[in-house]
Structures are given as structure tokens and as C-alpha cells.
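These figures come from a predicted structure and were not determined experimentally.
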Amino acid sequence: MTMQLVTYGIGALLTWLIAMRLGSAKARQVLYLMASWLFYYSWGGWLIVFLIFSSLMNYGLGEWLKKRIRAGRLWTGILCNLVMLCIFKYLPLLGAAGAAGTPLAALRRLVFPIGISFWTFQALSYLLELYREEDLDPTVVEFCLYMSFWPTVLQGPICRLSSMLPQFRQDWTVDEDDLRTGVRRVAIGILMAALGILMAGGLHSGAGVDALFENTAARWSGLDVWLLVLGYGFQLYFSFCGWSHLMIGGARLFGIRLHENFDRPYLSTTPSMFWTRWHMSLSFWIRDFLFLPLATARREVWWRNLSLVIAMFVFGLWHGGSLLYMMWGTYHGLLMVLHRQWQEFRKRVGFEWSGAMPTLISWALTFSAVCVGYIFFNAKTLAQASGMLKALVSFHSYRHLTLDRSFCVMTLVAAVGYFAVIGGSALLDRLAERSRNLEESRNWTNMVARGLGILADERWVWITPVVVVVALYLSVMFKPGHADTGPVMYALF
């Protein structure tokens, strides 16, 4: 991973230096497109032909739809994209179920183009925006760049052409705010991705999230299961959020602002709030293009609740065609319906639920419910998921802990560290705000406060060397076990 990051860093720097000297937006678009295709080729090899094919196909479908906005043409475009997605994403599952030597078994040899779920949804959002009569007129180069843009092509954030096209066409010069924000977020992303890999592999072989979940024959206790889902929750968060920070920061260095993907999701106090903070670009896509059209088709409350479950079922299906992903999506849909019923009950009886203690209880219930959902999301078999759920509700299973102690310590440190960093960041923001409000004076206290405020406000300068030191320390102190998942783990969904 280290050599890959260095290689991509050098490539991004060279692209940035060349782009600085190009006065034409069209020339920069061509440069970004070539760099994006090279980046994708380094991950997906010859499968880039499917990305290019999808880009050209959807550009043509869009031009056809613009000539005459009709539902039939929109559905033709949607079906073309879904067929292509299903061929690579769901047919191999049928092949895995087929007996060896049969034509069905041959389907398992289909190779999955990395990131296809993400760029397919970007294509669908383009067609849906055209159907809603958004004024979009991309050239073929601009549309191919939108589909292939290197910070988004592997695993999002899922963007929309209406927000990206003006940025592709803008005049660009290096901006101090873009540079400061970009460097800070790249540094944070590198550290988070490294932590995700560390948690996946564990502090030693067999003591990481990947190996423990792969051990489907293990009989876990209730305490084991809670630590497993907690560890997986933070491993997934560090890997995916870290990559999002890395890519959003990288794009920001070029003056391009991508959609946010995470906003402190583990501080959510309701299931609905969680899905406005976790994988936000996909959540909002599902909300705008699936849930709202469904929910507004009828006025009945039961239909709105059913639409919510259907939308979350599709959310699970997007991640994969297994029964467990469908159960995970349905589970979260039911959680949000239950939350809405609780809100309606409170309104009817006039029950007040506010203050520090109710907020803490709401957070604990939401966080626990999200962690339980990870059983469906990451269990390898239905039997494993069933066994883990039974352990959670069996009180006698809480009498012992069988997990490797290093895994327990690593998971608890990750959880405590997550909340400590959020608290520390809020404190630095408060220091920076306070220093800006202090008047100029020779008062020693004010001078110290202003100095601390400057360090807090300009932390992008010192956070990069801190990250490098921490990363080197982790690599020297720990020799983690093998990790099957890496920073682009979400690109395989």
C-alpha cells in the first residue's frame, strides 16, 4: 500500500503541476481524463473497456433522451445500465450455486469491474436529472471525465453532473483555502486508511477482523460478538471514510469540491440521522431518486413506511445479491419505520423526550442497533449470522470472553480514540474561534490564547508530519497479520 500511495502521490503532483500551467479548461479536462483512465487501469487493468463503454453508452442515451423527454426513453437507459450492472454483480452468484461443469457454473468466472456500482449510479443520476429537465449539456470529454474522475471512480463519493460540470468548466488557480483543506484531508485519509488495514489484519496473525469473521465454525459468546461487530464497524469506517477523505482532499487540491460521504456517523442519535451521516452520497441518491418518488405516489402513511423499507432493501441489494445484504437493508428500513412510529407516539401522547439523559439513551440505542446490523452485513453465512444473533440474546453466553486479548484492546482503543479525536477537534475549533475574537494586546494570557488559536486554526500545517510520525510508529511497533480487505474494500460492493 505504501508504494502505491507514493506512486499515486507522485502522479497526482505531476498532474497538478501540469494543470497549473494550462490556461484552458478544455485542456485540463483532457489532462484529468487521461490521468483518470491511467488511475483506473492501474487498479482494473483491461476492464477499463467496460468503464469507457458505459461512459459512451450513457452519453448517447442522454443525447437521445434530451431530444424527446419521455418515460420510455428514460426506462430504456435505466434498463441498459441495470442489465450491465447485474451481469457482473449478480450472475456470478448464480454461477457459484451451479454444479461444476454446467453452463451455469461458467458464470462464476465473470470478472467484476472495480467500482462499477458507483459509476453506474452516477450514470443513472445523469439520466434522471435529464428527465427532470435539468439543463445539462456536457461534451463527450466532459461526460467521460464525470464517469471516470479519479477521486470518485473506484468507490465514490457518488456525484451528480449538475454539480460537477460547472467545476470542470471553471477557471482554476491555486487557492490557499483549497490547498489547506486538501492537504489536511489527505493526511487524515492516509492515517484512517492505515488504521483500517491494521484492524483488518490485527496486531498479529489471526487476530484481525478479517480472520475472525472468516472463522465461521467458531462459537462466539455475547461479549465476543459485541466486540466483533464493534471492531468491524470501526474497521469499515476507518477504511471507507479514510479513502473518502483522501479522495475529497485530492480533488480539493485541484479546486474541485466533491459531495461529502461521512459526517461523524457514530454520534447519531436516531437511525434516520445515521443515514444522513453515513455514505451520504449514496443515501441521498436513494432518497432523491427512489424513496421520494415512491413515497409521493400515494398519501397513506403505511405506503410511506413501506416505501422506506423498499428503499433500504434496494440499498442492501446494491451492496450485493446475497440474502444477508437484503436482510441488512430491510433491517435498517424497519429501524427507521420504528423510529417514525416512536415519533408519532410521542406527538399523540405529548411525551417530551429531550435533555442530556434522553439524548445519551437515544445515542446508545442507535449505536447498538447499527452495530447489530453489521452481523448481517459482514457474516459469511446465514448460519454464522444466526449464531451471532443467538449469542447476543443468550444471557448465559456473557460469562466468558474467548477472543484474542490483543483484538479486544485494539477495538476498545479504536472506539475510545474515535470519540476522543472528535472531542479534540471540537476543542481545537473552539480555540481557533476564541482566538479570532480576542483583541490585540500585550497581555500574556491573550498572547498565549492567540498562539494556541493560530495552531488550532492552521493545523493543516502540522497535522501532516504528525500523521507521518504516527504511521511510521505503527509500522515499527506492530507487524499486523494479513488483511483481505484494504482501503478500497467498498469498491467491491
Side-chain angles (χ1 to χ4, degrees), residues 65-66 68-82 85-86 117 120-136 158-163 259-260 263 265 268-319 323 325-354 358-359 362 365-366 369-370 372-373 376:
L65 180 59
K66 280 191 288 187
R68 192 174 183 185
I69 304 295
R70 290 290 184 270
R73 296 191 176 196
L74 171 66
W75 278 107
T76 299
I78 291 174
L79 289 174
C80 287
N81 280 281
L82 291 182
L85 180 63
C86 291
S117 301
T120 296
F121 266 42
Q122 290 206 162
L124 289 174
S125 70
Y126 169 64
L127 298 177
L128 289 162
E129 284 188 311
L130 286 180
Y131 185 73
R132 294 179 176 182
E133 300 188 8
E134 291 274 358
D135 186 18
L136 301 173
I158 298 172
C159 298
R160 303 182 189 182
L161 189 60
S162 55
S163 67
H259 294 294
E260 290 295 339
D263 180 19
S268 303
T269 54
T270 69
S272 299
M273 183 187 294
F274 177 79
W275 285 113
T276 62
R277 294 179 169 213
W278 178 279
H279 203 172
M280 296 156 64
S281 61
L282 178 58
S283 298
F284 295 156
W285 195 101
I286 294 288
R287 179 197 66 189
D288 295 343
F289 296 124
L290 181 59
F291 169 68
L292 289 178
L294 271 177
T296 54
R298 299 175 65 101
R299 295 184 177 181
E300 295 89 344
V301 174
W302 69 266
W303 174 253
R304 186 178 180 85
N305 290 334
L306 180 60
S307 299
L308 192 52
V309 175
I310 292 172
M312 292 307 297
F313 173 82
V314 172
F315 204 123
L317 189 62
W318 177 88
H319 285 84
L323 179 61
Y325 285 132
M326 299 176 201
M327 292 171 68
W328 173 79
T330 305
Y331 167 80
H332 274 281
L334 292 173
L335 281 182
M336 286 194 279
V337 169
L338 286 173
H339 173 242
R340 291 191 174 196
Q341 298 307 307
W342 166 246
Q343 289 178 313
E344 291 298 322
F345 171 76
R346 284 173 47 210
K347 289 179 182 178
R348 284 198 302 269
V349 302
F351 177 62
E352 184 66 27
W353 183 259
S354 61
T359 299
S362 297
L365 290 173
T366 301
V370 168
V372 170
F376 300 111

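In this view, Met327 and Leu323, Leu324, Phe376, Leu382 satisfy the side chain to side chain contact (heavy atoms under 4.5 Å, CB included) rule, not counting sequence neighbours. Considering only residues two or more places apart in sequence or on other chains, His339 meets the ring-ring contact (aromatic ring centres under 6.0 Å, His included) condition with none of them. Evaluation of the ring-ring contact (aromatic ring centres under 6.0 Å, His included) rule for Tyr131 yields no partner, not counting sequence neighbours. Not counting sequence neighbours, the partners of Ser283 by the side chain to side chain contact (heavy atoms under 4.5 Å, CB included) test are Trp275, Phe315. In this structure Trp285 satisfies the side-chain hydrogen bond (donor to acceptor under 3.5 Å, both in side chains) test with no other residue, sequence neighbours excluded. A search for side-chain hydrogen bond (donor to acceptor under 3.5 Å, both in side chains) contacts involving Ser281 returns Asn261, not counting sequence neighbours. In terms of the side chain to side chain contact (heavy atoms under 4.5 Å, CB included) criterion, Leu338 has no residue partners (sequence neighbours excluded). For His319, the side-chain hydrogen bond (donor to acceptor under 3.5 Å, both in side chains) partners two or more places apart in sequence, or in a different chain, are Tyr490. Applying the side-chain hydrogen bond (donor to acceptor under 3.5 Å, both in side chains) rule to Thr276 yields no partners; only residues at least two apart in sequence or on another chain are considered.
Note that the CG atom of Leu79 and the CG atom of Leu74 stand 9.5 Å from one another [nearest 0.5 Å]. Between the CG atom of Leu85 and the OG1 atom of Thr120 there is a distance of 5.0 Å, given to the nearest 0.5 Å. Here CG of Leu308 is found 4.5 Å from CE of Met336. Values are rounded to the nearest 0.5 Å. Separation of atoms NE2 (His279) and CG (Leu282) is listed at 4.5 Å; rounding is to 0.5 Å. Separating the CG atom in Leu317 from the CD1 atom in Ile310 is a distance of 12.5 Å, to the nearest 0.5 Å. Atom OH in Tyr126 sits 4.5 Å away from atom CG in Leu130 (nearest 0.5 Å).
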Output, in order, the C-alpha distance, side-chain angles, deciding distance and verdict of side-chain contact (heavy atoms from CB on, under 4.5 Å) for Phe121 and Trp318. CA-CA 10 Å; Phe121 266 42; Trp318 177 88; 3.0 Å; yes
Residues Val309, Met312; criterion side-chain contact (heavy atoms from CB on, under 4.5 Å); working and verdict: CA-CA 5 Å; Val309 175; Met312 292 307 297; 6.0 Å; no
Yes or no on side-chain contact (heavy atoms from CB on, under 4.5 Å) for Met273 and Thr366, after CA distance, side-chain angles and deciding distance? CA-CA 9 Å; Met273 183 187 294; Thr366 301; over 6 Å; no
Does the side-chain contact (heavy atoms from CB on, under 4.5 Å) test come out yes or no for Arg68 and Arg73, once each step is laid out? CA-CA 8 Å; Arg68 192 174 183 185; Arg73 296 191 176 196; 3.7 Å; yes
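Atom CH2 of Trp75 has 12 or fewer neighbouring heavy atoms from other residues, nucleotides or ligands inside a 6.0 Å radius.
The nearest pair of heavy atoms linking Leu124 to Ile78 is CD2-CA, 3.8 Å. Taking every heavy atom of both residues into account, Val337 and Asn305 meet most closely at CG2-O, 3.6 Å. Tyr331 and Gly373 make their closest contact through CE2-CA, 3.5 Å (heavy atoms, listed as atom of the first residue, atom of the second, distance). Contact detail for Leu136 and Ser162: the closest heavy-atom pair is CD2-CA, 3.7 Å. Shortest non-hydrogen contact noted between Gln122 and Cys159 is OE1-N, 2.8 Å. Heavy atoms only, all atoms of each residue included: Glu129 and Leu161 are closest at OE1-N, 3.7 Å.
Every pair tested for salt bridge (Lys or Arg N to Asp or Glu O under 4.0 Å) that includes a residue from residues 333-349 fails, sequence neighbours excluded, so the list is empty. Identified under the salt bridge (Lys or Arg N to Asp or Glu O under 4.0 Å) test for residues 277-297, with sequence neighbours left out: Arg160-Asp288.
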List the atom pairs, with distances to 0.1 Å, where a side-chain N or O of residues 291-301 and a protein N or O form a donor-acceptor pair under 3.5 Å, not counting sequence neighbours.
unit_1: Thr296; atom_1: OG1; unit_2: Leu292; atom_2: O; d: 2.7
unit_1: Thr296; atom_1: OG1; unit_2: Pro293; atom_2: O; d: 3.4
unit_1: Arg298; atom_1: NE; unit_2: Glu300; atom_2: OE1; d: 3.3
unit_1: Arg298; atom_1: NH2; unit_2: Glu300; atom_2: OE2; d: 3.2

